Amino acid sequence: MSAESTPEPGIPGDTGPTGPRRGAKGRRRGPRGRHHTAMVVMAWTAAGIVLLGGTGAGYVYFKLNGNIKSVDINQLLGTDRPKKVDNGSENILVLGSDSRSGANKRLGGGADDGSARSDTAMIVHVYKGHQKATVVSVPRDTLVDRPACTDTRGAEHDAASGVMFNSAYSTGGATCAVKTVESLTGIRMDHYLEVDFNGFQKLVDELGGVDVTTTKAIKDPESHLDLAAGTHRLDGQQALGLVRTRHAVGDGSDLGRIQLQQAFVKALVDQVKSIGVLTDPKKLYDLADTATKTVTADSDLGSVNSLVTFAEGLKGISSRHLTMVTMPVRYDPADANRVLVEDAKARQMWTALENDRPIPRSATEGTATGEAAGVVGGG
């Protein structure tokens, strides 16, 4: 299969067999309406934020507004970036941050060195009219050329060639991550959203869990996951384990983990749409409180009002109008733990999104997948 899911008419669907690198298994190591939630839940960031319309003003507003952390991406990056395309579309870089210190250490393992990595990266393209969207997952193990950048503290970081994609975030935080994505794609990121592991777990728990069905047993002690084949309601810790596991499914690569993440996003969107959060004021507030504490946003989205307005613009997008693909890559013949960009196919993808067009089928045919498609589905 191609590295994509959730096909939409006019947007490419499954595309037939590919030729992934064999013999790599176990070698890769790591870890106010219902439709408003679809895009931001997909981003793991604003399941509560988009429901803030009924929470009123006064203390609640200021409490939630004070929770949100923001980064002035536009000021920090200046004018040395792609031009904004004025065609009605929007591009949002969404990162799941992989800090291995504090509470996240207990959740995800890894070295408690105080560092942070972009464990998950998604480029969300919202098409003109805001009725459909495409989400491109960027494998963290992709070898890229990282441009020189300046972080939020003013420290300058030299350019580097042939480094892992997620080193951009660990090197210079949000600004370096955005600059690397813009250099890689040639597309300007209009917004930035980030969420950490601990907040993701709390959001899932406060939603009451998420139903999934596994077609095979998944057991990975490193991500604290032990699921038999069958239907499960995952709590926050189990959900976190599922979206982080890579050793227990497919070929053991980051690409397999991405396929699980994409399947979980679909289940999460459906779960949120099926529960009556608007009828429970306490649940509404708890979701909003957790989400706003979890989120780091660009300064244009750095307030409750801005986030609600942003979500209002996405209310027409439901899960069936959401196409999820993976950036075209191939396994690195020199290192089974890394992948390389399929430049020609990737250029087709970025050109399509820059011009607000569907991604052509040829951009995802024959690319590496991770071999974990179909392992997880909705409950």
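Below, all heavy atoms of this structure are taken into account, side chains as well, without hydrogens, waters or symmetry copies. Everything numeric here is computed off the predicted structure, so don't read it as measured data.
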Asks: I'd like to check the salt bridge (charged side-chain N to carboxylate O under 4.0 Å, His left out) partners of D220; sequence neighbours left out, ordered by chain and number.
Replies: none

Asks: Does some side-chain heavy atom of Q131 sit less than 4.5 Å from a side-chain heavy atom of H321?
Replies: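 Heavy-atom side-chain distance check fails, nothing below 4.5 Å.
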
Asks: If we check side-chain contact (heavy atoms from CB on, under 4.5 Å) with I258, which of these qualifies: T326, T369, T120?
Replies: T326

Asks: Does CG belonging to D80 count more than 12 external heavy atoms closer than 6.0 Å?
Replies: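 Atom CG in D80 is not crowded, with 12 or fewer foreign heavy atoms closer than 6.0 Å.
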
Asks: I'd like to check P333 versus L340 (side-chain heavy atoms, cut-off strictly below 4.5 Å). Are they in contact?
Replies: yes

Asks: Under a 4.5 Å cut-off applied to non-hydrogen side-chain atoms, are I123 and V138 in contact?
Replies: yes

Asks: For a 4.5 angstrom cut-off between non-hydrogen side-chain atoms, does P82 reach I187?
Replies: no

Asks: Quick one, Q259 and V376 - any side-chain contact, counting heavy atoms below 4.5 Å?
Replies: no

Asks: Would you give the length of the straight line joining atom NZ of K345 to atom CE of M327, rounded to the nearest 0.5 angstrom?
Replies: 14.0 Å

Asks: Between K179 and A148, is there a donor-acceptor pair closer than 3.5 Å when you use the side chain of the first and the backbone of the second?
Replies: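 Side chain of K179 to backbone of A148, a donor-acceptor pair under 3.5 Å: yes, one is there.
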
Asks: Using the rule side-chain contact (heavy atoms from CB on, under 4.5 Å), only one of L234, L242, L240, V243 pairs with L225; which is it?
Replies: L242

Asks: Checking the side chain of E222 only, and the main-chain atoms of T245 only, is there a donor and an acceptor separated by less than 3.5 Å?
Replies: no

Asks: For K293, enumerate each residue passing the salt bridge (charged side-chain N to carboxylate O under 4.0 Å, His left out) test, keeping only those at least two apart in sequence or located in another chain.
Replies: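 Here the qualifying residues are D289.
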
Asks: My understanding is that only residues two or more places apart in sequence, or in another chain, count here; which of them pass salt bridge (charged side-chain N to carboxylate O under 4.0 Å, His left out) with E182?
Replies: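 Counting only residues at least two positions away or on another chain, E182 forms a salt bridge (charged side-chain N to carboxylate O under 4.0 Å, His left out) with R81.
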
Asks: Measuring only between side-chain heavy atoms, which start at C-beta, is T175 closer than 4.5 Å to I73?
Replies: yes

